[in-house]
Amino acid sequence: MQAQPTASHFIGGKYIEDTSGALIESRYPATNEVIAQVHAGTEAIVAQAIEAADTGFQQWRTSTPAQRAAVLNKAAQIMQERNRELSQLETLDTGKPLQETLVADAASGAEALAYFASIAATMTGQHIALGNSFALVKPEPLGICVGIGAWNYPIQIAAWKAAPCLAAGNAMIFKPSEMTPLTALKLAEIFKEAGLPDGVFNVVQGAGETGAALVSHPRVAKVSLTGSVPTGTKVAQLAAAGLKPATLELGGKSPLIVFADADLDNAVGAAMNANFYSTGQICSNGTRVFVESSVKAAFLEKLVARTKAIKLGNPMDESVQLGPLVSAAQLARVQEYIDIGKQEGAQLVYGGARAEPSGFANGNYIEPTIFADVQDDMRIAREEIFGPVMSVLAFESEEEVVKRANATGFGLAAGVFAGDLQRGLRVVDALDAGTCWVNNYNLTPVEMPFGGYKDSGIGRENGLAAIQHYSQSKSILVELGDVEAGW
Ligand code: NDP
């Protein structure tokens with residue numbers, strides 16, 4: 001299988017190659033075959049991207065809100081029309097089943113473009129009457145923004161960052177994860193076809209080093225990263241050195257709390273979504289499933305029965321529900337955590353082994369895995385695994401579970417299942433998490449701001465909140481009278 005792009009980078013409206021950069025191989029996680037090769041951005045490529053982005057920005061900043069909206073809307077439409085082709089490419093790059101990529105990746109990116117097109121068209125300032133003078137307050141773009149993506153939702157992350165960035169009149173240089181370099185290039189092609197001026201959206205490949213070079217560049221005004229907490233800390237430090245704002249969407253170890261009066265079938269379905277979707281490689285996953293003791297046995301029985309029925313295999317087969325992990329390294333990491341869970345004394349109630357579906361024996365497959373009797377101090381309950389490994393913990397009271405749910409440095413997300421809605425809302429209010437769900441889990445509509453508390457991040461993506469992170473306000477006082485000078 002081949003998915004070789006025209007060239008590694010997309011800068012100034014065209015594909016650019018520079019083979020002197022380190023070789024990056026993209027592998028299809030279901031077979032580990034190399035499907036494409038690109039080269040990391042060198043210093044010269046970074047410099048070229050900055051020049052192109054600056055040229056693009058000077059033109060784009062003078063466009064009207066309606067013009068920006070038209071381009072973003074057109075890009076959304078093209079993305080929707082090409083959804084299948086983009087989804088197949090995303091499946092090749094990430095291994096996520098086509099069943100998922102068809103609905104959750106380019107489709108979600110297109111929604112973000114359409115949503116921020118509407119916002120672009122409505123961006124206005126303020127007039128403040130001050131007697132003999134008045135003030136104008138107007139939103140202005142920041143300049144060149146850098147977006148850095150993780151490998152789990154490559155095109156979605158690129159679009160979620162580009163949409164508010166461009167809507168507010170900025171230019172972007174996007175660096176995908178070296179693990180998944182392909183679909184951001186397609187987004188760049190789509191923007192060009194939609195009429196975006198050259199240089200307003202650029203893609204530079206590379207690993208952490210290239211990301212760091214972009215963040216530290218003196219002509220970069222802002223950075224938005226999706227990645228792990230350690231990378232977030234490094235990027236925040238680099239951004240702080242240049243006094244640049246940083247939006248950080250980082251990791252989590254989120255709680256999903258199931259009270260005894262909840263609809264157990266819904267709670268089980270949500271727990272499965274919250275741990276097995278995208279083979280568990282989702283930052284907001286509810287990986288600590290707290291179940292009230294009186295319903296724990298019934299919950300586990302339903303959970304195991306439904307987990308047994310999960311279809312794992314060929315990601316391109318639309319009936320397949322679980323694909324491989326993104327890389328052999330991620331597989332090794334998840335297997336290590338499963339071993340740790342067993343050694344720590346958690347009860348393995350389902351899965352735990354490597355899977356070798358027919359025709360895909362070399363893929364990075366692992367069975368969906370459920371641990372019960374997990375204790376709060378076990379590593380599998382404290383550390384982000386980023387694989388399909390669910391920990392079920394029992395609890396007795398509301399007060400106790402809130403305290404335990406909050407006893408983590410992370411604060412990305414949380415879910416509560418409760419028949420008593422007053423209780424559901426009361427518990428959500430007490431949880432330290434930026435994104436919460438009552439009686440559902442992991443829904444991220446573009447209208448709703450998404451982001452974390454504590455170590456899980458700074459700032460928000462999506463919703464009206466995102467646009468604020470990509471604009472600054474200029475206040476202008478206009479004098480209609482005389483200047484009063486004291487001398
Ligand atoms: P990493 O933190 O390893 O990498 C994220 C991105 O940052 C990659 O593009 C990486 O490049 C780049 N990078 C690494 N080091 C630096 C640096 N010093 N300066 C600038 N950029 C750098 O995360 P993963 O790709 O492994 O993704 C998994 C993590 O992302 C998980 O912890 C997960 O929770 C989190 N995540 C958070 C989400 C959220 O919205 N909160 C959503 C999805 C994932 P490269 O990898 O190419 O070396």
Side-chain angles (χ1 to χ4, degrees), residues 8 21-26 38-41 46 93-94 96 104-105 108 112 146-158 160-161 173-182 184 203-217 220 223-242 244 246-254 277-287 325-327 329-330 333-334 383-387 409-413 433-435 442 444 448-462 466:
S8 298
L23 183 68
I24 295 173
E25 287 182 333
S26 167
V38 295
H39 291 271
V46 168
D93 219 7
T94 62
K96 297 194 294 176
D105 292 80
S108 161
V146 165
I148 300 177
W151 39 257
N152 57 347
Y153 278 83
I155 199 168
Q156 187 206 72
I157 291 172
W160 278 20
K161 293 189 190 308
I173 303 174
F174 186 80
K175 188 203 85 64
S177 162
E178 63 185 310
M179 216 87 76
T180 52
L182 302 179
V203 176
V204 170
Q205 306 290 351
E209 209 179 294
T210 308
L214 287 166
V215 174
S216 320
H217 198 285
V220 165
V223 56
S224 175
L225 166 83
T226 297
S228 60
V229 174
T231 303
T233 308
K234 286 186 210 155
V235 166
Q237 282 166 351
L238 291 174
K244 299 171 192 181
T247 300
L248 304 172
E249 297 295 347
L250 309 176
K253 192 76 196 175
S254 301
Y277 204 72
S278 296
T279 318
Q281 303 163 115
I282 299 185
C283 49
S284 51
N285 270 355
T287 45
L325 290 158
V326 76
S327 63
Q330 190 64 12
R333 178 186 148 105
V334 173
E383 297 171 18
E384 185 178 47
I385 301 174
F386 233 54
F410 294 113
L412 184 53
T435 311
N442 257 355
T444 52
M448 183 171 105
F450 176 80
Y453 283 7
K454 300 196 282 188
D455 292 354
S456 291
I458 299 175
R460 294 291 175 267
E461 295 205 292
N462 290 344

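Note that ligands are numbered from 1 as they come in the structure, with each ligand's atoms numbered from 1 the same way. In this chain, numbering begins with 1 at the start of the sequence shown. These figures come from a predicted structure and were not determined experimentally.
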Looking at ligand 1, does [X] have a heavy atom less than 4.0 Å from it?
X: S456; result: no
X: F450; result: yes
X: G149; result: yes

For the CG atom of N285 and the OH atom of Y277, what is their distance to the nearest 0.5 Å?
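Answer for the CG-OH pair, N285 versus Y277, is 11.5 Å.
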
Could you tell me the separation between the CG atom of D93 and the OG atom of S26, rounded to the nearest 0.5 Å?
4.0 Å

Suppose I only count heavy atoms of [X] and a 4.0 Å limit; which atoms of ligand 1 are within that range?
X: A150; result: 25 (O), 27 (O), 30 (O), 44 (C)
X: A207; result: 11 (O), 45 (P), 47 (O), 48 (O)
X: K234; result: 18 (N)
X: G251; result: 34 (O)
X: S228; result: 1 (P), 2 (O), 23 (O), 29 (C), 30 (O), 32 (O)
X: A212; result: 19 (N), 20 (C)
X: G206; result: 47 (O)
X: L225; result: 6 (C), 7 (O)

With nothing but distance in play, are any N or O atoms of [X] less than 3.5 Å from an N or O of ligand 1?
X: L238; answer: no
X: W151; answer: yes
X: K175; answer: yes
X: L250; answer: yes
X: T231; answer: yes

Tell me: protein heavy atom nearest [atom], and distance?
atom: atom 40 (O) of ligand 1; value: E249 CB, 3.2 Å
atom: atom 46 (O) of ligand 1; value: S177 OG, 3.7 Å
atom: atom 44 (C) of ligand 1; value: N152 ND2, 3.4 Å
atom: atom 38 (C) of ligand 1; value: C283 SG, 2.8 Å

Residue-level breakdown please: for [X] versus ligand 1, do any non-hydrogen atoms fall below 4.0 Å on the side chain, on the backbone, on both, or on neither?
X: F386; answer: side chain
X: T226; answer: both
X: V229; answer: neither
X: E384; answer: side chain

Y153 vs I282, side chain to side chain contact (heavy atoms under 4.5 Å, CB included): CA-CA, chis, key distance, verdict
CA-CA 8 Å; Y153 278 83; I282 299 185; 3.4 Å; yes

